[in-house]
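These values consider heavy atoms only, across backbone and side chains, with no hydrogens, waters or symmetry-generated copies. The sequence lines fix the lettering, A, B, ..., with proteins before strands; numbering per chain opens at 1.
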There are 4 protein chains.
Amino acid sequence: MDLPAWEPRRVVAMAADLPDGVTPPGTRGRILEAGLELFAESGFAGASIRQIAGMVGINSATLYAHYPSKGHVLAELVRIGHEEMWARLTEAAARTRDDSAARQLAALVRAHVLVHTDYPLLAVVTNGELHALDPELAAPSLRLRDECRHLLAEVLERGAKNGEFSVDDPLLAVTAIGGLGVQVAHWFGPALGRTREQVADQYARFALRIVNADQ
Amino acid sequence: MDLPAWEPRRVVAMAADLPDGVTPPGTRGRILEAGLELFAESGFAGASIRQIAGMVGINSATLYAHYPSKGHVLAELVRIGHEEMWARLTEAAARTRDDSAARQLAALVRAHVLVHTDYPLLAVVTNGELHALDPELAAPSLRLRDECRHLLAEVLERGAKNGEFSVDDPLLAVTAIGGLGVQVAHWFGPALGRTREQVADQYARFALRIVNADQ
Amino acid sequence: MDLPAWEPRRVVAMAADLPDGVTPPGTRGRILEAGLELFAESGFAGASIRQIAGMVGINSATLYAHYPSKGHVLAELVRIGHEEMWARLTEAAARTRDDSAARQLAALVRAHVLVHTDYPLLAVVTNGELHALDPELAAPSLRLRDECRHLLAEVLERGAKNGEFSVDDPLLAVTAIGGLGVQVAHWFGPALGRTREQVADQYARFALRIVNADQ
Amino acid sequence: MDLPAWEPRRVVAMAADLPDGVTPPGTRGRILEAGLELFAESGFAGASIRQIAGMVGINSATLYAHYPSKGHVLAELVRIGHEEMWARLTEAAARTRDDSAARQLAALVRAHVLVHTDYPLLAVVTNGELHALDPELAAPSLRLRDECRHLLAEVLERGAKNGEFSVDDPLLAVTAIGGLGVQVAHWFGPALGRTREQVADQYARFALRIVNADQ
DNA sequence: AATGAATGAGCTTTCATTCAT
DNA sequence: CATGAATGAAAGCTCATTCAT
């Protein structure tokens, strides 16, 4: 097996993409993208307002015409990340509401993985820099995050109840399956030689096996 | 299912423990423990030399009598973390050298999980702050890290070859199984209501299912 | 003879003057003047950024909006000093190009002395703090300095060749005549009771005698 | 004429020599020599106690078993430098007490130059770092320094009175002749291709010409 | 005589932020 | 909308010096 050399970076991916339609126009949006790249690379504390401004090509004071503080840039990124995740998982759950638990679980895991392959920098910031946010700025994201975890918990319970799944410890299954997706953001990239679909499908199968679902 | 409220912290665990026998005596060791706690909580860039010194109860200048720079404190933590992980995985692999691939995989995953439950702060720093290290200070740890990944890859290949495992995409299986353990450090703690053994056993079973081993 | 008491200071003069037209306007110029005074008095290493800022009446951080480092303040002073010296010597040499070597030597020494009486602090910094400068920042000044020494060497050679001067060891004559002027910056001041012109004329006569020119 | 490239160093010479018989034995003497080298190269403020200790091969705390402070190391160097200068000039003046003023002036200048060629580092520190010394530590040296200047002033006055010399402005002649010697310490070295005697003889002749003595 | 550990003060520089223009 | 200048606070680190051993 060819293990690609492990890189001591927080994210392997390069493009600081944001979901369609959420990037504000003009300078405000470019600040957001620069913040995304730098926060993903160096963490919130490790990135400076001057670095962000420099990447955008503006004076650091100009940033304050668009965001009231460095923390608010992070807050907007974290909000966008959580909303995208929540939207995709909610959509996947709704779309498969009447399917078997197995199909719904697969859909949720696929959605979960794909949001991490599509926006790896955003995912790394969203998952890893929440601690740097003022509690009041973090609160809305925390609510979305809890809803996402409950979506996963609910399908596991449904499958356990109706006999599709055989789960010894549902809580650990949630942490495992959730954790699988989170890690994807760190290493997914073109060097891997796998498409986003391939990873999503494979990880969905892993999840089904974790809960002993027939496949 | 009772999902405990998700906490916006990098580590849930509290005790800034280091493996037996590696903590240097006296002030040097206390600096290491304080650095561990603060780097785990706030990241390398988010923790200041004065905070570390304050936690130890020394003047910030005194720190430099023991370590030549802030980066060297991190470097020692990262080195310890990688050596512990490497030692445990190597031991597990050696102990099960003559067993089936399934038993060896289980042993590796158990060891991997246990090192994350036993030293969660160290694991978070070891996995998450390597990027902040000067390349020359990081190099030895990167070598150990690659060896660990190869241990896992080798047992997967052995099981795939001898028919114990059925793996579509071995590389993705490595990332998945490896990723499972890494995440443990973030949420394992007393509030979870699971012992370290319970988590390790369960995760070992998850891994075996991921590779379709008979159990 | 009334020898004024010798003072253990690097410069006796007080006014931290810079040549006309080179002081930048506003804060940037006041930083330069404060740096001049403090570097002259205490040397580069002995003067702190906070002292400079305090003398200007600004926060020490503000200094960095005008100069990228303490070394760059020194670099600008050293550059100004060398350019003024070079300009005056070049002008003196050009003005007397068609005169006798004796008249040209006198003009050069007068110019050399006058630049030291007019800007003694600048001369002390320019001559005495070059060693503290990064080589790349020092390079342009070193070139000017070498050109100045060659101006002096050339007139000595001309006078030696055409019989106006009688010089045993031209190299030592250059060091002696050059050294005469350099020292002036340390002790010239109002307490001396001599005008700049008196010193310049007298030293020019000294130089002519050193090379045995008819007067 | 081959002007050697001008070097942006405070002293060109290398050997950190002290006069015979004054270097204290053992560590105390090695501290003095290390201080001499570093103070000459970087100035008092630019050299640290740890650098000195490092050069000696001792712990910086050990230095305080030999000298009560960094300033006292400088003070001892400055004292030694002034005593050597005073001793040599006094001896030269005494030896030529009954000679012509011209011969006495030549002897004084020769002695002055030779002390600068023989101990250039010491001379640079002695002349250039007095300002960094506490006034009470500097006082004895200042007295010696004034005596030296008076020796020179006296012979000039004698020569002027008895008609050997023709001096317009004795004070400026003192500054000029004194300044000649001081500068020697900065550039004298093996690269010059002149012996100490050659320089001393030549500079003595320069001095006689400055005062219009018959030669 | 020498040391390692410790310290308070200070260093140069960068931080996020403000404000007048 | 954008800027240059400014700031208080704090960053990592070095300073000369002290002290118990």
Side-chain angles (χ1 to χ4, degrees), chain A residues 25-28 30-31 44-53 56-74, chain B residues 25-28 30-31 44-54 56-74, chain C residues 25-28 30-31 44-53 56-73, chain D residues 25-28 30-31 44-53 56-74:
Chain A
T27 303
R28 191 177 160 87
R30 306 222 315 288
I31 290 171
F44 179 71
S48 84
I49 224 78
R50 278 172 161 82
Q51 275 179 289
I52 298 176
V56 175
I58 56 171
N59 187 292
S60 72
T62 303
L63 195 145
Y64 288 85
H66 300 276
Y67 292 92
S69 81
K70 183 187 174 190
H72 283 80
V73 178
L74 174 60
Chain B
T27 304
R28 193 177 158 87
R30 306 219 318 284
I31 291 171
F44 179 71
S48 86
I49 224 81
R50 280 172 168 80
Q51 276 179 289
I52 298 176
V56 176
I58 56 171
N59 189 292
S60 74
T62 302
L63 195 145
Y64 289 86
H66 300 276
Y67 293 92
S69 80
K70 184 187 173 190
H72 282 80
V73 178
L74 175 60
Chain C
T27 304
R28 193 177 158 87
R30 305 222 316 287
I31 290 171
F44 180 70
S48 87
I49 226 78
R50 287 203 234 280
Q51 277 179 290
I52 298 176
V56 176
I58 56 172
N59 188 293
S60 73
T62 302
L63 194 145
Y64 289 85
H66 300 277
Y67 293 92
S69 79
K70 184 186 174 190
H72 283 80
V73 178
Chain D
T27 304
R28 190 175 161 88
R30 306 222 314 288
I31 290 171
F44 180 71
S48 84
I49 224 79
R50 277 171 161 82
Q51 276 179 291
I52 298 176
V56 175
I58 56 171
N59 187 292
S60 73
T62 303
L63 196 145
Y64 288 86
H66 300 275
Y67 292 92
S69 82
K70 183 187 174 191
H72 283 79
V73 178
L74 175 61

Residues in side chain to side chain donor-acceptor pair (under 3.5 Å) with C:H72, at least two apart? C:S69
Fill in the dot-bracket string of DNA chain E, one character per base: . for unpaired, | for a pair to another strand, ( ) or [ ] for pairs within the strand, taking Watson-Crick or G-U pairs under 3.5 Å. .||||||||||||||||||||
Any side-chain heavy-atom pair from C:I31 and C:I58 closer than 4.5 angstrom? yes
For F:dT3, does OP1 or OP2 lie under 4.0 Å from any side-chain N or O of A:T62? yes
Salt bridge (Lys or Arg N to Asp or Glu O under 4.0 Å) involving C:R50 - partner list, sequence neighbours excluded: none
Find the distance A:I31:CD1 to E:dA16:P and express it as a whole number of Å. 14 Å
Can you give me the closest heavy-atom contact between C:V73 and C:L63, atom names plus distance? CG2-CD2, 4.3 Å
Taking all non-hydrogen atoms of both residues into account, name the closest pair between B:A53 and B:S60 and its distance. CB-CA, 3.5 Å
What protein N or O atoms touch nucleotides 17-21 of chain F N or O atoms at under 3.5 angstrom, if any, and at what distances?
residue, atom, partner, partner atom, Å
F:dT17, OP2, D:Y64, OH, 2.6
F:dT17, OP2, D:K70, N, 2.9
F:dT17, O5', D:Y64, OH, 3.1

Within the structure shown, what part of the strands sits under 4.0 Å from B:L63 by heavy-atom distance: base, sugar-phosphate, or nothing? nothing
Distance test, side-chain N/O of A:T27 to OP1/OP2 of F:dC1, below 4.0 Å: no
For C:A47, which contact category applies under a 4.0 Å heavy-atom criterion: base, sugar-phosphate, or nothing? sugar-phosphate
Of the listed nucleotides (E:dC11, E:dA2, E:dA6), which one gets closest to any side-chain atom of C:S48? E:dC11
Figure out the OH/P separation between B:Y67 and F:dG12, and round it to whole Å. 16 Å
E:dA16 C1' sits how many Å from A:Q51 CD, rounded? 13 Å
Please report, rounded to the nearest Å, how far the P atom of F:dC13 is from the NE2 atom of B:H66. 16 Å
In terms of heavy-atom contacts, B:K70 and B:Y64 come closest through N-OH, 4.5 Å
Would you please name every residue forming a side chain to side chain contact (heavy atoms under 4.5 Å, CB included) with B:A45, sequence neighbours left out? A:A45
Figure out the CD1/P separation between B:I58 and E:dT7, and round it to whole Å. 7 Å
